[in-house]
Student: 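The structure that follows is given in the form of structure tokens.
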2 protein chains.
Amino acid sequence: MPGVDDVDRRIIAALRTNGRVTYADLGRQVGLSASAVHERVGKLETTGVITGYHAVVDPRTVGLGVTALVGIQLSDNGEQEEVATSLGRQPEVESCYAVAGDEAFIVKVRVGTVDELEHTLGRLRRLEGVSRTRTTVVLSTRFEGRPNPVEHYGDPDVEQAGR
Amino acid sequence: MPGVDDVDRRIIAALRTNGRVTYADLGRQVGLSASAVHERVGKLETTGVITGYHAVVDPRTVGLGVTALVGIQLSDNGEQEEVATSLGRQPEVESCYAVAGDEAFIVKVRVGTVDELEHTLGRLRRLEGVSRTRTTVVLSTRFEGRPNPVEHYGDPDVEQAGR
DNA sequence: TTTGAAAGTTCGCGCCT
DNA sequence: AGGCGCGAACTTTCAAA
């Protein structure tokens, strides 16, 4: 588990910005041959730094115009792991974070209509181990999943030592 | 602004799962020639259905091990649009949602350490137009940005009619 | 939408530093 | 180790039908 060096960071930044750049282009951007970049990207993938490449779709264009953030409280005997698993089975739940505070999870839900939201919330509330939900409706997404700028990528070791 | 048809939906699903598939492969998956797929994907891009392709990076491996969800309250004279713009200028703020409720925004922040989180929160609180922040620290990310299953993609018109 | 063909890309391998 | 260049196979990206 080696360090991610400076060239890797620039490769990562480029791939976060455009996940479909060719290795040839990437090489031009970072000043390496296509084969060298190919090799490095392969290593970043197998070491788990890059976990995948995904097209991002405007949810409204595919009938998912309603987004909500939902806090999930466990019941007294609620098992955190089991609830997490159940949440993972709900297709409307796009992201799931275990959080500090009196809620066990905050999840992001995407559905087509408020009708559907009502349905989905009912389903979440009825999951084994869940006592309460608290829903915040998203009115508009200003920006989302923005690639963090390059200068914010660092070697984890350096980060921990240096502050 | 035409409808997204069934083949488009399958193309979208494939590209959400693997944003780097070749058009040739895509064509095999959906039963079309590479050029036909190429044409369709180009159309999906220019009509704003597909907004981009991004590599997904494990934040921990690039020194961003701390995530928090932060609610932002406006001060009495706080201008929503201006605050949104300011939030967009903070590189630690990865996503920003305008929400219903007594907070104007909920943002997702990523930093390297809790020290840095303290710093970033101080900065957010001091932004023109912001009165309060309320921070929820993420303990673990169970899953994030999961591609919604295909059966959840639909023609927006059909969705609205059909429920 | 398909075919066809030129230009460009991927990706393994061996050599070089 | 890691980068480079080669080369065969494959992919992209046109135009024509």
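A note on names: the letters A, B, ... follow the listed sequences, proteins ahead of strands, and every chain is numbered from 1.
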Student: Within the structure, does a side-chain N or O atom of A:R20 lie under 4.0 Å from either OP1 or OP2 of C:dT10?
Tutor: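 So the side-chain polar atoms of A:R20 never come under 4.0 Å of the phosphate oxygens OP1 or OP2 of C:dT10.
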
Student: Would you kindly give the CD1-to-C1' distance between B:I11 and C:dT1, to the nearest whole Å?
Tutor: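 Checked: the CD1 to C1' distance equals 12 Å.
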
Student: What nucleotide among C:dT1, C:dT10, C:dT9 has an atom nearest to a side-chain atom of B:R40?
Tutor: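 The answer is C:dT1, which lies nearest to the side chain.
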
Student: Measure CG/A:L26 against C1'/D:dG3 and give the value in whole Å, please.
Tutor: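 So the CG-C1' distance, A:L26 to D:dG3, works out to 16 Å.
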
Student: Distance check needed: C:dT17 P versus A:L32 CG, whole Å only.
Tutor: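 So the two atoms are 17 Å apart, to the nearest Å.
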
Student: Heavy-atom count around B:Q80 CD within 6.0 Å, excluding the residue itself: above 12?
Tutor: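 More than 12 heavy atoms, drawn from other residues, nucleotides or ligands, come within 6.0 Å of this atom.
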
Student: Do NZ/NE/NH1/NH2 and the carboxylate oxygens of B:D5 and B:R40 come within less than 4.0 Å?
Tutor: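 Yes.
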
Student: At less than 4.0 Å, is any side-chain N or O atom of A:K43 found next to OP1 or OP2 of D:dA1? Yes or no.
Tutor: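 No, A:K43 has no side-chain N/O under 4.0 Å of OP1/OP2 on D:dA1.
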
Student: Taking only N and O in the side chain of A:H38, is any of them less than 4.0 Å away from OP1 or OP2 of C:dC11?
Tutor: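 Yes.
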
Student: Mapping A:S35 and A:D25 onto DNA chain C by nearest heavy atom, which one lands closer to the 5' end?
Tutor: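 Its nucleotide being nearer the 5' end, the pick is A:D25.
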
Student: Starting from P on D:dG3, measure out to CD on A:E39 and report it in whole angstrom.
Tutor: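 Answer to the nearest Å: 7 Å.
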
Student: Under 6.0 Å from the ring centre and within 45 degrees of the ring axis: does the NZ or CZ of B:R20 meet both conditions for the six-membered ring of A:Y23?
Tutor: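 Judged by the rule (NZ or CZ under 6.0 Å from the ring centre, within 45° of its axis), B:R20 counts as positioned above A:Y23.
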
Student: Find the distance A:Y23:OH to D:dT12:C1' and express it as a whole number of Å.
Tutor: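 Nearest whole value for this atom pair: 16 Å.
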
Student: Any salt bridge between B:E92 and A:R146, counting N to O under 4.0 Å?
Tutor: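 Salt bridge absent between B:E92 and A:R146.
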
Student: Between B:A24 and A:A34, who's closer to the 5' end of DNA chain D by nearest nucleotide?
Tutor: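 Upstream on the strand: A:A34.
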
Student: Between P on D:dT12 and OH on B:Y53, what's the gap in Å once rounded to a whole number?
Tutor: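 In whole Å, D:dT12 P lies 11 Å from B:Y53 OH.
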
Student: Would you mind classifying the nucleic acid contact of B:T22 as base, sugar-phosphate or nothing, using non-hydrogen atoms under 4.0 angstrom?
Tutor: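 Here B:T22 touches the backbone only, sparing every base.
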
